[in-house]
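Scroll down for the structure; my scribbles are underneath it.
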Amino acid sequence: MLVVGAHLWLNTNLFGGKDVCGGLVSTDSVDAVFSKSGRVSDRDGLDDRPGDRLAFTCTVENSSFLPGSDTKYLRISGSRERGDFPFTDNGRWPSPATMSFFSGGAIGAVGSDHGWVLLPDACTTADGPAIIEGYAPEGSAPVKFTQLLTEFANSAAERAGCAAEEPLTAPDALAAAPEARQVKDGVVCGLAGLEFPGPKGQTKVREMVLDRTSSTWSCEVTGHATYAVTQESHIVAGIRSSPGYKEQSRVAGHQVSGFDARHVVADCAGTPTYFSMELGQDYTSAIGESGAPRTKDLFENFVDVAGKRFGCNAH
């Protein structure tokens, strides 16, 4: 009997607490994300940052003393970000072309081990929109991970007094992230007329195209450039509310505002539309070579070509 009791205590979550991270989420929701059963613990609990109830971190571990088992960790944090964070390449955010985006109830994206959910608009301040971000062990169930992030978002917004009238709802299914493919017949990212982001004549280049959602599109031309467009209204609202957002020089005939020359919002038939272009090492190392397009020309071409798909007509 003692052996059975020790097993239940050390290798399962029976007799454990009902919630973790300061009561923000249930232990069962966390346990569902891990691919193997074990004892769930948040050790030091919620690490709050003074002055902002939406700024915190919490690390949850799943441990077992069974032979061959190792401890898995799940890290969740709340923070404020520049509104176009999912589309910027600063080493922290995965390429948007590798993520599964979702909207409708909750708004966010999930990849192989990283995900985020946007908090309600009422949680946005002068410092920008608030998000819940998570890192899960590879092999975790993406839908369960999304549900956990959404539960965190609802609880955090409630605790901070900025919850929406209706709670955020996680999707029941996610579109699969795109797989890499060869750039075919010179048609980059599946957009006729889009210029190749590098010297002309390169052929053995792969790309990933995220085109399964109506509001967000992205394409990564491996090593060269990552493009993104979104008309998701809550994401765009967060972008326009962020520090540093201001009027920029016209792009492809469009009057635009944004953060710099390659992260801008244009008005497309009455719908605010965000465009971004991040450059890869293969492109930057080829700058100045014969046949390599200038960065400004590359972005102008992208906004012109991709914009037509989103109903943008220059005026």
**Message:** Tell me the closest heavy-atom pair linking Ala292 and Ala286, and the distance in Å.
**Reply:** CB-O, 3.5 Å
**Request:** Enter the distance from Asn154:CG to Glu151:CD here, rounded to the nearest 0.5 Å.
**Result:** 8.0 Å
**Request:** Would you sort out whether Asp48 and Arg53 count as a side-chain contact (heavy atoms from CB on, under 4.5 Å), showing the intermediate values?
**Result:** CA-CA 7 Å; Asp48 277 289; Arg53 302 209 77 187; 5.7 Å; no
**Request:** Consider only side-chain heavy atoms of I, L, V, M, F, W and Y, link residues closer than 4.5 Å, and tell whether Ile107 and Phe101 are in one cluster.
**Result:** yes
**Asked** Which atoms form the tightest heavy-atom contact between Thr226 and Ser95, and what is the distance?
**Response** CG2-OG, 3.9 Å
**Prompt:** Could you state the interatomic distance from CZ (Phe275) to NE2 (His254), rounded to the nearest 0.5 Å?
**Reply:** 6.0 Å
**Asked** Going by heavy atoms in the side chains, are Leu174 and Phe145 under 4.5 Å from each other?
**Response** no
**Prompt:** Do the side-chain N and O atoms of Ser215 and Gln231 include a donor-acceptor pair separated by under 3.5 angstrom?
**Reply:** no
**Message:** Would the distance check show the side chain of Glu220 and the main-chain N or O of Thr222 forming a donor-acceptor pair, the cut-off being under 3.5 Å?
**Reply:** no
**Verify same cluster id: Phe102, Ile76 (apolar side-chain graph, 4.5 Å)** = yes
**Asked** Just checking, any donor-acceptor pair under 3.5 angstrom between side chains of Ser29 and Ser26?
**Response** yes
**Request:** Measure the shortest side-chain to side-chain distance between Thr57 and Arg49 over non-hydrogen atoms and say whether it is less than 4.5 angstrom.
**Result:** yes
**Request:** Mark yes when over 12 heavy atoms from residues, nucleotides or ligands other than Asp297 sit less than 6.0 Å from its CG; otherwise mark no.
**Result:** yes
**Minimum side-chain heavy-atom gap Leu24-Phe56 below 4.5 Å** = yes
**Request:** Drop me the distance from Met277's CE to Lys296's NZ, to the nearest 0.5 angstrom.
**Result:** 11.0 Å
**Message:** Do Pro96 and Phe87 make a side-chain contact, defined as non-hydrogen atoms from C-beta onward lying under 4.5 Å apart?
**Reply:** yes
**Complete:** When rounded to the nearest 0.5 Å, the distance separating CG of Leu119 from CG of Leu168 is 7.0 Å
**Asked** Which heavy atom in Gly193 sits nearest to a heavy atom in Val305, and how many Å separate them?
**Response** O-CG2, 3.6 Å
**Asked** Has the side chain of Ser155 got a donor or acceptor atom that lies under 3.5 Å from a matching backbone atom of Phe152?
**Response** no
**Asked** Between Glu278 and Ser276, do the side chains contain an N or O donor and an N or O acceptor separated by less than 3.5 Å?
**Response** no
**Fill in**
For Cys21 and Val60 the tightest heavy-atom approach is SG-CG2, 3.8 Å
**Asked** Using a distance-only test with no angle check, is there a side-chain donor-acceptor pair under 3.5 angstrom linking Thr230 and Thr216?
**Response** yes
**Asked** Are Gln248 and His263 linked by a side-chain donor-acceptor pair shorter than 3.5 Å?
**Response** no
**Asked** How about Asp113 and Ser140: do any of their side-chain heavy atoms sit closer than 4.5 Å?
**Response** no
**Message:** Angle between ring planes, Phe85 versus Trp93, binned at 30° and 60°: parallel, tilted or perpendicular?
**Reply:** tilted
**Request:** Find out if a path of hydrophobic residues (ILVMFWY) with successive side-chain heavy-atom gaps under 4.5 Å connects Tyr274 to Leu194.
**Result:** no
**Request:** Give the minimum heavy-atom separation between Val205 and Gln182, together with the two atoms involved.
**Result:** N-NE2, 3.5 Å
**Request:** Ignoring hydrogens and angles, tell me if any N or O in the side chain of Tyr283 forms a donor-acceptor pair with the backbone of Pro293 under 3.5 Å.
**Result:** yes
**Asked** Distance from Asp19 atom CG to Asp28 atom CG, nearest 0.5 Å?
**Response** 10.5 Å
**Asked** Restricting to pairs with a member in residues 172-201, which pass ring pair (Phe, Tyr, Trp, His ring centres under 6.0 Å), not counting sequence neighbours?
**Response** Phe196-His224
**Request:** Decide if atom CG of Asp260 counts as having more than 12 heavy atoms of other residues, nucleotides or ligands within a radius under 6.0 Å.
**Result:** yes
**Prompt:** Got Tyr227 and Leu298 here, is their nearest side-chain heavy-atom distance under 4.5 Å?
**Reply:** yes
**Asked** Do you know which two heavy atoms are closest between Val221 and Cys189, and how far apart they sit?
**Response** CG2-SG, 3.8 Å
**Prompt:** Is Glu195 salt-bridged to Lys200, cutoff N-O under 4.0 Å?
**Reply:** yes
**Within the 6.0 Å centroid threshold, strictly below: Phe310 and Trp217** = no
**Asked** Got a donor-acceptor contact below 3.5 angstrom from the Thr273 side chain to the Thr271 backbone?
**Response** yes
